[in-house]
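Here's the structure, in structure tokens; my notes come after.
Atoms within a ligand are numbered from 1 in the order they appear, just like the ligands themselves. As a basis for the values below, the full set of heavy atoms in this structure was taken, side chains included, without hydrogen atoms, waters or symmetry mates. All residue numbers in this chain count up from 1 along the given sequence.
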Amino acid sequence: MSTNDTTAKTWRPATRQLHAGLERTEYGETSEAIFLTSGFVYDNAEQAEKTFTGEVTHYQYSRFGNPTVAALENRLADLEGAEACIATSTGMGAVSSALLSHVKAGDRVVASRALFGSCYWIVANLLPRYGVKIAFVDGTNMAEWDKALSEPTAAVLLESPSNPMLDILDIAAISERAHKAGAIVVVDNVFASPIYQRPLELGADVVVYSCTKHIDGQGRVLGGAVLGRKDWIADTLQPFTRNTGNAMSPFNAWVMLKGLETLSLRVDAMARNAAAVADYLADAPGIVSVRYPGRPDHPQYELAKRQMSGAGTLVAFEVEGGKKGAFAFMNALKLIAISNNLGDARSLVTHPATTTHSKIDAAERATLGITDGAIRFSVGLEDSADLIDDLARGVAALKAL
Ligand SMILES: *Cc1c(COP(=O)(O)O)cnc(C)c1O
């Protein structure tokens, strides 16, 4: 195998997402090879023995490592500015492994309340079963962080922008407080993508992705990734993922590598569309409020501007008429599909109160600002004029109610 120059420090993200971490085989293929193999063979018994003692570097088994998966891990680490990366079977595999590998019974985890549904479940329901103490805070309220982090803490989990209401959390300020409490800071960076937010530079220790979202970005395969310092990945995370079986399929890794090649192009085009539809919705009749981190009326607009290099591809808005209004709006759409996925090239809307966040009790949903009229809009790559024409169908349906 020949390795290209992955240490090209001057490369910009658009170049990194195409070239970083590529290892060509002796055949000189242009596109990465797919090593669709579960195991690997040794030249002799001695080589096998030395591989297991660590004297020789050789792939052993694809649950432990695979060349196609390694190419993705290297490229993601390069793009993120992280020392190391482990790819996982799904985004939830990434979140659960990052937390479960790090904590033990008696430890404490503090999390922002506004989390993706399954992330919330892990903190609220799973961790306490294993004797981990938990505390939730309103992530936008620094006084709540101060209070929660006044005791020794093992890990902090947060999401910014948050799902679905796009709260922006101050990653630098939270990380500073978390470190004083002895915690590592795990940031779920799915909504921003590696293109618009660099949590490690803001002081976070670990970044997790659902690669299912913008990184594949074309609705094909599931995957996740955990990024962080080399020693933490090697000593804490890797034994956990290897032994619990949280490995990404080489095929999925290859699809993700293809997705990464166009990540910045897609995310930039989707974000331009998101800004355009947010402006349209803000002035449309029947729309109670619009949340987009790139609009000055977003409650954390200044923080978003400071912390992110782009406002993202998601918009949240509330329609008049509660659930009835939201359903009428969504059912009137002809181009924009109803789906709880996000980050896809195709525009998708979901009603969080009855889908992604339906298992959270109503009082908690209200605290999170997820009203019955709230719709989450993952803005795709279509022509923004066509998206606005479609949204106008929803607006007309509200008027007809
Ligand atoms: C989708 C998502 C996840 C989970 O990822 P999967 O690949 O579906 O397991 C975690 N966090 C956020 C913010 C997400 O959007």
Any nitrogen or oxygen of [X], main chain or side chain, under 3.5 Å from a nitrogen or oxygen of ligand 1?
X: Gly91; answer: yes
X: Glu159; answer: no
X: Asn163; answer: no
X: Met92; answer: yes

Which heavy-atom pair separates Ser358 from Arg365 by the least distance, and what is that distance?
O-NH1, 3.6 Å
In the protein, what heavy atom is nearest to atom 12 (C) of ligand 1, and what distance, to one decimal place, separates them?
Asp188 OD2, 3.4 Å
shortest atom 15 (O) of ligand 1-to-protein heavy-atom contact is with Lys213 NZ, 2.8 Å
Which pairs of donor and acceptor atoms, one on a side chain in residues 308-330, lie under 3.5 Å apart (sequence neighbours left out)?
| from | atom 1 | to | atom 2 | distance (Å) |
| --- | --- | --- | --- | --- |
| Ser309 | OG | Ile195 | O | 3.2 |
| Thr313 | OG1 | His214 | NE2 | 2.7 |
| Glu318 | OE2 | Thr371 | OG1 | 3.3 |

Taking Thr212 for its side chain and Leu222 for its backbone only, find out whether a donor-acceptor pair lies under 3.5 Å.
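Such a contact is absent between Thr212 side chain and Leu222 backbone.
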Do Ser264 and Gln17 have side-chain heavy atoms sitting under 4.5 Å apart?
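Yes, at least one pair of side-chain atoms sits under 4.5 Å.
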Identify each donor-acceptor pair in which a side-chain atom of residues 90-117 lies under 3.5 Å from a protein atom, sequence neighbours left out, and give them as a table.
| from | atom 1 | to | atom 2 | distance (Å) |
| --- | --- | --- | --- | --- |
| Thr90 | OG1 | Met92 | N | 3.3 |
| Thr90 | OG1 | Gly93 | N | 2.9 |
| Ser96 | OG | Met92 | O | 2.8 |
| Ser96 | OG | Gly93 | O | 3.4 |
| Ser97 | OG | Gly93 | O | 2.8 |
| Ser97 | OG | Asn246 | ND2 | 2.8 |
| Ser101 | OG | Ser97 | O | 2.7 |
| Ser101 | OG | Ala98 | O | 3.4 |
| His102 | ND1 | Trp232 | NE1 | 3.1 |
| His102 | NE2 | Ala154 | O | 3.2 |
| Lys104 | NZ | Asp107 | OD1 | 3.4 |
| Asp107 | OD2 | Lys104 | N | 3.0 |
| Arg108 | NE | Glu151 | OE1 | 3.4 |
| Arg108 | NH1 | Ala148 | O | 2.8 |
| Arg108 | NH1 | Thr153 | OG1 | 2.8 |
| Arg108 | NH2 | Ala148 | O | 3.0 |
| Arg113 | NE | Glu364 | OE2 | 3.4 |

With no hydrogens and no angle check, just 3.5 Å: does a side-chain donor-acceptor pair link Glu49 and Thr53?
no
Looking only at heavy atoms of Leu342, does any of them come nearer than 4.0 Å to an atom of ligand 1?
yes
